[in-house]
There are 2 protein chains.
Amino acid sequence: MLHSVPDIDNSEALTERQQAVLDAALRLLVEEGDNLTMTAVARRASCSKETLYKWFGDRDGLLTATVQWQASKVRVASVDGKGLDLASLTASLERFASDWLKVISSDTSIALNRVAVSHAGSGKDNLGAVVLENGRFALAKRLKPVLEAGRKAGLLEFTDAEAAFRTFFGLVGRDVQIRLLLGDRLELTEAAIGGDAIRATQQFLALFGAKTGPQGL
Amino acid sequence: MLHSVPDIDNSEALTERQQAVLDAALRLLVEEGDNLTMTAVARRASCSKETLYKWFGDRDGLLTATVQWQASKVRVASVDGKGLDLASLTASLERFASDWLKVISSDTSIALNRVAVSHAGSGKDNLGAVVLENGRFALAKRLKPVLEAGRKAGLLEFTDAEAAFRTFFGLVGRDVQIRLLLGDRLELTEAAIGGDAIRATQQFLALFGAKTGPQGL
DNA sequence: AACGAGCCGTACCGTACGTTACGGTTCGGC
DNA sequence: GCCGAACCGTAACGTACGGTACGGCTCGTT
């Protein structure tokens, strides 16, 4: 179980300039990975190191702020569970799957996860918690209401929404994320992602779809 | 697609002493993560830094040797596809799932994956390739023959063994690996792993099992 | 017994980088 | 126009750590 992240609703006391600095840091993080230097960030952001330290305390603070800043920006689209028929449920699930695959295969997501994983071992694993909270747990929070709505509408059958979500998560992600994080070239074209989303959704429905009479085919 | 790792069958020119040194380095890697120092390894292994450099070239060489050494040791049990009935196929799948979960939730595996992910971004991502080759791809290589045998025996139905394997992989692993890598506490007891293995296997069979007549329930 | 290879322990060097300090510049408020 | 705050650019400091050098010990070989 993950501890609650201090404050999810960040992006509060961040001036435009600070956001620009964090964006520069993020771009650098994507390019250079964890081995970016404070000097490089300062140069890229056209600001002084003194400002960096005044605003973010130290290197870890800057990294944390950067990860939080980007993580809070990435929100997978939410879907309201009003249309309760099978078609709209299927569409919603495909949408979630597609969005999720697009997120985890993006350069920034890979970079963020990389640095979070790198820092997860040593003490203050704030980054890991942040990434997890804005990634996998945020997805769960958005998807579960849809699943519940599907169940209430008699379209899905499951006892534990968490378990159902995790299965969906596995069917969508499979080995993609770990392969990308480990540096495996694995280009996901728009078309491939779409196909995967449809496949994962169909498999999920085959496992958790309500059996309405004998299904042919 | 992953490039072929230079030589899979390592553990060739490694003396007992060298293996002991690598084991020490591995233990340190588990404890300290990527930020272990050559001095610490030398002290832990009771050897001189000079020896470390003579044997492994530089820090990266030591890390690579360590990862290769451990990765080559971890082999998920292989199963021969001789027993062709549903019971033995199910047992094999459950065995694979259980072994795999046990591997990816072990401290050493987490540490190895962490360091491999950390190094994946910057140039020589040898580590990522090694981990992937001895982990996810080794698993595939072992499991696919079983799947093929199951298909040949009329127990499974699929067109692409790779796709079938990836689905199995997703059903088994779900969000476990990324959560562990990101520092999420997620204790997998022996019992929980066993239950997950059974569940994943049942779900896989539900998706890829041959439809022999109308299945009730 | 002599000797040399291999290795341990330690001291040492060079450098990269985190962190701090400081002079110069811009800019809003009075 | 003047003042102080905030900030830029850069120089400087301290240190941790990768990598090297060297003296002494062990041990196998002759």
Side-chain angles (χ1 to χ4, degrees), chain A residues 12-67 69 111 114-116 118-119 121-127, chain B residues 12-67 69 111 114-116 118-119 121-127:
Chain A
E12 78 265 20
L14 284 182
T15 72
E16 285 285 339
R17 182 83 181 99
Q18 286 171 330
Q19 295 180 5
V21 169
L22 291 185
D23 277 329
L26 180 66
R27 255 177 298 133
L28 218 45
L29 200 64
V30 172
E31 298 171 15
E32 311 243 345
D34 195 3
N35 48 356
L36 50 67
T37 68
M38 299 297 279
T39 306
V41 173
R43 187 167 39 218
R44 177 69 70 97
S46 292
C47 74
S48 72
K49 293 212 273 182
E50 186 187 18
T51 303
L52 251 41
Y53 283 97
K54 178 176 296 182
W55 284 350
F56 307 107
D58 58 358
R59 189 177 184 275
D60 256 3
L62 173 64
L63 241 48
T64 303
T66 303
V67 170
W69 166 238
R114 285 233 180 95
V115 60
S118 304
H119 284 226
S122 46
K124 23 195 308 150
D125 60 345
N126 216 347
L127 297 188
Chain B
E12 74 272 13
L14 284 182
T15 72
E16 285 283 339
R17 182 83 182 100
Q18 287 172 331
Q19 295 181 3
V21 169
L22 290 185
D23 277 330
L26 179 66
R27 254 177 298 134
L28 218 45
L29 201 64
V30 172
E31 298 171 15
E32 311 244 345
D34 195 4
N35 48 356
L36 50 65
T37 68
M38 299 297 276
T39 307
V41 173
R43 188 166 37 218
R44 177 68 71 97
S46 292
C47 73
S48 72
K49 291 213 282 181
E50 186 187 20
T51 302
L52 249 41
Y53 283 99
K54 178 174 295 181
W55 284 350
F56 306 107
D58 59 357
R59 196 186 119 95
D60 256 3
L62 173 64
L63 242 46
T64 303
T66 303
V67 170
W69 166 237
R114 285 231 180 97
V115 60
S118 304
H119 285 226
S122 46
K124 26 196 305 152
D125 61 346
N126 216 348
L127 296 188

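A note on names: the letters A, B, ... follow the listed sequences, proteins ahead of strands, and every chain is numbered from 1.
- The CH2 atom of B/Trp69 sits 6.5 Å away from atom CG of B/Leu14, with the distance rounded to the nearest 0.5 Å.
- Rounded to whole angstrom, the span from the CG atom of B/Asp34 across to the C1' atom of D/dG18 amounts to 14 Å.
- Heavy atoms of A/Arg43 sit nowhere under 4.0 angstrom from any nucleic acid atom.
- Between A/Asn126 and A/Val67, the closest side-chain pair of non-hydrogen atoms is not below 4.5 Å.
- The stretch residues 47-63 of chain B touches DNA chain D through B/Lys49, B/Glu50, B/Tyr53, B/Asp58, B/Arg59, each having a heavy atom under 4.0 angstrom from the strand.
- Within the 4.5 Å cutoff, no side-chain heavy atoms of B/Val21 are placed close to those of B/Thr66.
- B/Val30 places none of its side-chain heavy atoms less than 4.5 Å from the side chain of B/Arg27.
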Chi angles and distances behind the salt bridge (Lys or Arg N to Asp or Glu O under 4.0 Å) call for B/Arg44, B/Glu31: CA-CA 12 Å; B/Arg44 177 68 71 97; B/Glu31 298 171 15; 2.8 Å; yes
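- Across the protein-nucleic acid pair, A/Arg17 atom CZ and D/dC7 atom C1' stand 9 Å apart, rounded to whole Å.
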